[in-house]
Amino acid sequence: MWKKSLWMILFIALLAGCSEEQADPTNTLKQYAESIEEGDYESLYNLFSEEAKDTYSDEDSFIRLKNLYEDISASDIEFNMQELEEREIANAYDDGIATIPFTVNMNTVAGEISFDYQAELTLVEKEDEEDSWLINWDPGFIFPELADGGKINVSPDEPVRGEILDKNQIPLAINDTVYQFGVIPSELGDNEAKREEIARLLGMSVDSVNSSIEAEWVEDDLFVPLKSILPDNSDTVQQLNAIEGVSYQEITGRVYPEGEIAAHLVGYLRSVNAEDLEELDTTEYSSSDRIGARGLESLFEEELRGKKGAAIQIVKEGEENVTLAEKEAEDGQNITVTIDINIQDKVFQGFDEDPGNAAVIDPKTGETLALVSSPSFDPNDILYGTSSNYWSDMEENELQPMQNRFSSTFAPGSVIKPITGAIGLKNGTIVYDEGIEIEGLKWEDYNVTRVSTSNGPVDLDDALIRSDNIYFAMKAVEMGGDAFVEGLHEFGVGEEFPYAYPVTDSTISNSGDLDDTHLLAHTSYGQGEIEMSALHLATTYSTFLNKGDMIQPTLLTEEETGQVWKEGLITEEQADEIQESLSKVVTEGTGKAAKEADFPISGKTGTAELKLTGEDSGDENSWFVGYPTDDQDLMIAIMVEGTKNHDRSSGVEKATKILIDIKD
């Protein structure tokens with residue numbers, strides 16, 4: 001009986017001991033770690049002991065921690081701690097103090113930082129509530145070297161952005177001197193008229209000027225930057241310098257020497273915004289940085305930008321600085337393109353501000369010599385312009401100068417006919433000198449018209465010279481949609497265009513096929529739904545100059561030239577035959593305007609009618625794809641928009657003038 005009672009007493013005591021569950025101090029430290037890793041700094045102060053709160057205010061602790069981590073661009077923070085065994089927890093309860101070693105790893109603007117430290121936690125016992133552990137926090141939790149004082153100093157090392165150069169090393173985007181204008185508040189005073197004049201000259205609002213001057217960091221004798229302008233804006237520079245309190249500093253800025261000539265190709269820089277920072281590496285970008293916007297600046301942002309460097313040090317008065325991490329900046333790479341800016345300039349000027357686009361390639365090497373979109377804009381005006389209405393003027397301009405036309409696709413019109421002819425030659429539907437009878441100006445079955453009647457049977461040579469829509473429509477219907485689509489695919493239409501710059505892929509139709517014979521008929525001469533870029537068209541014509549092989553277009557000088565994209569599209573004999581016809585297009589046919597040159601030009605004209613379903617007619621775009629007949633060193637594809645009420649030959653006329661200027 002006595003033994004039974006004793007066992008009962010021991011069992012009850014054991015149950016009582018188990019019910020008094022002891023709080024694990026590592027749970028508090030885990031909460032601290034989770035808050036750090038998630039960036040929830042505000043909740044940290046609730047985990048501090050009263051002693052820590054008495055010693056360090058929220059500004060001294062979690063606010064400081066937050067600001068320091070932001071200053072050093074801390075990311076991927078990992079907080080690892082040593083788990084306590086039950087015996088260690090019990091001992092900690094006896095002592096009222098727990099000591100837990102931990103390790104912190106993080107990436108920063110200066111590279112990786114790792115440190116070991118130990119947390120001391122104090123037990124808080126409560127009668128009616130569960131016991132808790134609170135952290136005896138000190139600045140060593142930020143970095144151990146701060147435990148007994150000091151501050152963090154971050155010394156950035158900014159990379160030099162790479163330049164963009166043409167094939168002859170002529171700069172398209174460079175780092176050059178610009179004038180950063182600003183004011184010294186004590187010298188400027190409160191004269192509102194002066195502020196209004198400064199705002200007018202810099203293209204800013206008065207509110208923006210006042211906001212900069214009244215920023216928290218501003219002191220009376222400090223220079224307050226407002227806006228950067230180019231040194232060659234001499235009138236504005238002179239007027240600004242005449243205002244008391246205004247001065248400028250010479251700084252390095254991104255400058256585009258060729259201005260609007262290459263704007264769509266090169267692009268420009270813009271300020272990094274909040275949305276960018278959600279996606280970008282914050283060790284490489286901050287809100288004060290610039291990033292490529294459009295064009296090559298955007299496409300090769302990673303290569304051009306380089307890598308930031310920095311040194312993070314603990315600074316204590318009277319002691320040598322302690323370096324936590326250090327990384328040298330890596331300057332950006334230069335990007336050299338195959339573009340010849342002299343040819344680019346001549347092509348751009350040849351548009352005379354008319355809307356359109358053009359591509360020029362070397363048909364033997366595949367090098368891109370010019371990519372032009374007209375009208376254009378000046379990227380220097382975006383960065384350094386002094387007009388307050390620049391963006392609205394661009395957006396309201398009906399010619400849409402901000403639109404990059406050379407990267408877009410359009411209905412090719414009759415310049416597709418040599419391709420249709422080549423497809424027919426290869427699949428046997430067309431024999432070069434074998435004619436077919438065509439009556440009248442219209443093929444009623446498919447609503448296809450031609451501009452002139454023929455005297456006798458029409459063969460491929462005659463059809464190209466006179467640009468006979470009905471001939472190509474008949475031949476396409478004869479070969480069938482599947483065969484024609486297969487042939488277009490062989491020329492890269494409907495496939496990915498293999499090019500370093502994002503040029504829109506050419507398309508055969510909305511569905512990708514030509515099951516509808518009416519659509520097939522109209523597609524054969526460049527209407528229907530087919531769309532191609534000027535660069536792709538220039539590339540397809542290289543087939544006729546390379547014995548039936550289509551060249552691989554390149555843009556970067558580091559790319560291997562002379563590579564074949566599509567091999568054996570037609571035979572060498574067939575390529576020579578089409579060359580002969582393209583020469584006759586100028587000497588005898590629709591391209592006679594090109595005879596103005598004092599050297600022979602070969603090519604094909606085209607007119608693409610723009611109309612919606614159900615409309616009888618619409619505006620027109622004028623095309624020409626051609627080359628110097630003898631030299632064969634340039635292939636130009638040019639499209640001029642909205643030519644219906646103007647000269648229908650504007651495409652060939654502009655191309656001719658451009659080729660003459662290039663050859664001079």
Side-chain angles (χ1 to χ4, degrees), residues 409-432 434-452 454 457-495 506-532 536-537 540-541 543-544 569-570 574 577-578 581-582 585 589-590 604-611 613 620-621 623 625 637:
T409 57
F410 302 86
S414 294
V415 293
I416 195 68
K417 289 174 180 174
I419 310 306
T420 302
I423 293 170
L425 288 172
K426 184 173 184 179
N427 65 29
T429 306
I430 294 175
V431 176
Y432 181 73
E434 184 179 284
I436 58 174
E437 295 289 343
I438 302 176
E439 300 292 336
L441 292 174
K442 189 171 185 178
W443 188 18
E444 295 287 352
D445 291 351
Y446 292 92
N447 194 29
V448 179
T449 60
R450 56 180 179 166
V451 295
S452 64
S454 52
V458 179
D459 59 18
L460 179 58
D461 183 52
D462 181 58
L464 287 171
I465 295 169
R466 294 186 303 102
S467 200
D468 193 322
N469 290 345
I470 296 179
Y471 174 87
F472 292 99
M474 285 183 168
K475 286 299 181 181
V477 170
E478 180 184 341
M479 74 177 74
D482 290 344
F484 191 45
V485 166
E486 181 182 351
L488 289 171
H489 279 310
E490 290 183 353
F491 275 90
V493 186
E495 296 185 359
S506 300
T507 53
I508 296 171
S509 68
N510 296 338
S511 64
D513 58 45
L514 294 173
D515 295 337
D516 184 306
T517 54
H518 283 79
L519 182 59
L520 168 62
H522 292 284
T523 302
S524 69
Y525 59 92
Q527 292 289 166
E529 296 170 352
I530 188 170
E531 289 198 350
M532 297 182 69
H536 193 171
L537 279 163
T540 61
Y541 273 57
T543 305
F544 312 129
L569 296 178
I570 49 177
Q574 291 166 340
E577 289 171 341
I578 292 182
S581 295
L582 294 177
V585 168
T590 58
K604 182 70 187 78
T605 58
T607 301
E609 189 174 19
L610 311 176
K611 63 181 182 179
T613 303
E620 295 173 346
N621 292 337
W623 282 93
V625 183

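Note that these values count all heavy atoms, side chains included, but never hydrogens, waters or copies made by symmetry.
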Visitor: Between T517 (side chain) and L520 (backbone), is there a donor-acceptor pair under 3.5 Å?
Guide: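 Flag not set: sc T517 to bb L520 has no pair under 3.5 Å.
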Visitor: Mind listing the closest non-hydrogen atom pair of L464 and F472 along with its distance?
Guide: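 Nearest pair, atom of L464 first, then F472: CD2-CZ, 3.6 Å.
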Visitor: Find out whether L460 and Q574 are in side-chain contact, i.e. whether some heavy atom of one side chain is under 4.5 Å from a heavy atom of the other.
Guide: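 Contact flag for L460/Q574 side chains = no.
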Visitor: Is there side-chain contact between V493 and T507, with heavy atoms separated by less than 4.5 Å?
Guide: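 V493 does not reach T507 side chain to side chain.
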Visitor: For D462, which residues count as a side chain to side chain donor-acceptor pair (under 3.5 Å) partner, sequence neighbours excluded?
Guide: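 Per chain and number, D462 pairs via side chain to side chain donor-acceptor pair (under 3.5 Å) with R466.
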Visitor: When you look at CG of D482, are more than 12 heavy atoms from neighbouring residues, nucleotides or ligands closer to it than 6.0 Å?
Guide: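 For D482, atom CG is not crowded (no more than 12 foreign heavy atoms under 6.0 Å).
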Visitor: So which atom in S506 and which in M532 form the shortest heavy-atom distance, rounded to 0.1 Å?
Guide: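 Looks like OG-CA, 3.3 Å.
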Visitor: Got a sec, which residues hit side chain to side chain contact (heavy atoms under 4.5 Å, CB included) with E490, two or more places apart in sequence or on another chain?
Guide: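 Applying side chain to side chain contact (heavy atoms under 4.5 Å, CB included) to E490 gives K426, E486, L569.
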Visitor: Kindly compute the distance separating CG (L514) from OG1 (T523), expressed to the nearest 0.5 Å.
Guide: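 The distance works out to 4.5 Å.
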Visitor: So, the side chain of S454 versus the backbone of V458: is there a donor-acceptor pair under 3.5 Å, distance only?
Guide: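 No; zero donor-acceptor contacts below 3.5 Å.
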Visitor: Take T590 and K604 through the side-chain contact (heavy atoms from CB on, under 4.5 Å) test and state the conclusion after the steps.
Guide: CA-CA 8 Å; T590 58; K604 182 70 187 78; 4.2 Å; yes
Visitor: Less than 4.5 Å apart, any side-chain heavy atom of S414 and any of N469?
Guide: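 Yes, side chains in contact.
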Visitor: Using side-chain heavy atoms (C-beta onward) and a distance below 4.5 Å, is T429 in contact with F484?
Guide: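 No, their side chains stay 4.5 Å or more apart.
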Visitor: How would you list, by chain and number, every residue that makes a ring-ring contact (aromatic ring centres under 6.0 Å, His included) with F544, sequence neighbours excluded?
Guide: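 With neighbours one apart ignored, the set is Y541.
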Visitor: Is the ring pair H518/Y446 parallel, tilted or perpendicular, if the boundaries are 30 and 60 degrees?
Guide: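 Geometry flag for Y446 against H518: tilted rings.
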Visitor: Any non-hydrogen side-chain atom of T607 less than 4.5 Å from a side-chain atom of N621?
Guide: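 Not in contact.
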Visitor: For a quick check under 3.5 Å, do Y525 and S467 share a side-chain donor-acceptor pair by atom type?
Guide: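 No, S467 and Y525 have no side-chain donor paired with an acceptor closer than 3.5 Å.
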Visitor: Check the pair V415 / T605 against side-chain contact (heavy atoms from CB on, under 4.5 Å), numbers first and verdict last.
Guide: CA-CA 6 Å; V415 293; T605 58; 5.9 Å; no
Visitor: List the residues meeting side chain to side chain donor-acceptor pair (under 3.5 Å) with T543, not counting sequence neighbours, and say none if there are none.
Guide: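 Partners of T543 under the side chain to side chain donor-acceptor pair (under 3.5 Å) test: none.
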Visitor: How about M474 and V448: do any of their side-chain heavy atoms sit closer than 4.5 Å?
Guide: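 No - every pair of side-chain heavy atoms lies 4.5 Å or more apart.
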Visitor: E495: what forms a side chain to side chain donor-acceptor pair (under 3.5 Å) with it, not counting sequence neighbours?
Guide: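 So E495 forms a side chain to side chain donor-acceptor pair (under 3.5 Å) with K566.
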Visitor: Any side-chain heavy atom of H522 sitting closer than 4.5 Å to one from I530?
Guide: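 Contact flag for H522/I530 side chains = no.
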Visitor: For N427 versus A483, what's the shortest heavy-atom pair and its separation?
Guide: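 That would be ND2-CB, 4.2 Å.
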Visitor: Identify the two heavy atoms, one from A411 and one from A608, that lie closest to each other, and give their separation to 0.1 Å.
Guide: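 It is O-CB, 3.3 Å.
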Visitor: Do we see a donor-acceptor contact under 3.5 Å between the side chains of T420 and K417?
Guide: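 Checked: T420/K417 side chains show no N/O donor-acceptor pair below 3.5 Å.
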Visitor: Return the CE to CD1 distance between M479 and I423, rounded to the nearest 0.5 Å.
Guide: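 Those atoms lie 6.5 Å apart.
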Visitor: Output the distance between atom CD1 (I430) and atom CD (E577), rounded to the nearest 0.5 Å.
Guide: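 Answer for the CD1-CD pair, I430 versus E577, is 11.5 Å.
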Visitor: By side chain to side chain donor-acceptor pair (under 3.5 Å), which residues pair with D516, not counting sequence neighbours?
Guide: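 Partners of D516 by the side chain to side chain donor-acceptor pair (under 3.5 Å) criterion come out as none, since no residue qualifies.
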Visitor: Please name the pair of heavy atoms, one in E529 and one in N510, separated by the smallest distance, quoted to 0.1 Å.
Guide: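 Minimum heavy-atom contact is OE1-N, 2.9 Å.
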Visitor: Between I416 and G526, what is the shortest heavy-atom contact and its length?
Guide: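 Closest approach of I416 to G526, heavy atoms only: CG2-N, 3.1 Å.
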Visitor: What I want to check is whether the side chains of D459 and Y432 have a donor and an acceptor closer together than 3.5 Å.
Guide: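 Judged by distance alone, the side chains do not pair up.
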Visitor: Compare all side-chain heavy atoms of T449 with those of L441 and state whether any distance is below 4.5 angstrom.
Guide: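 The answer is no; the side chains never approach within 4.5 Å.
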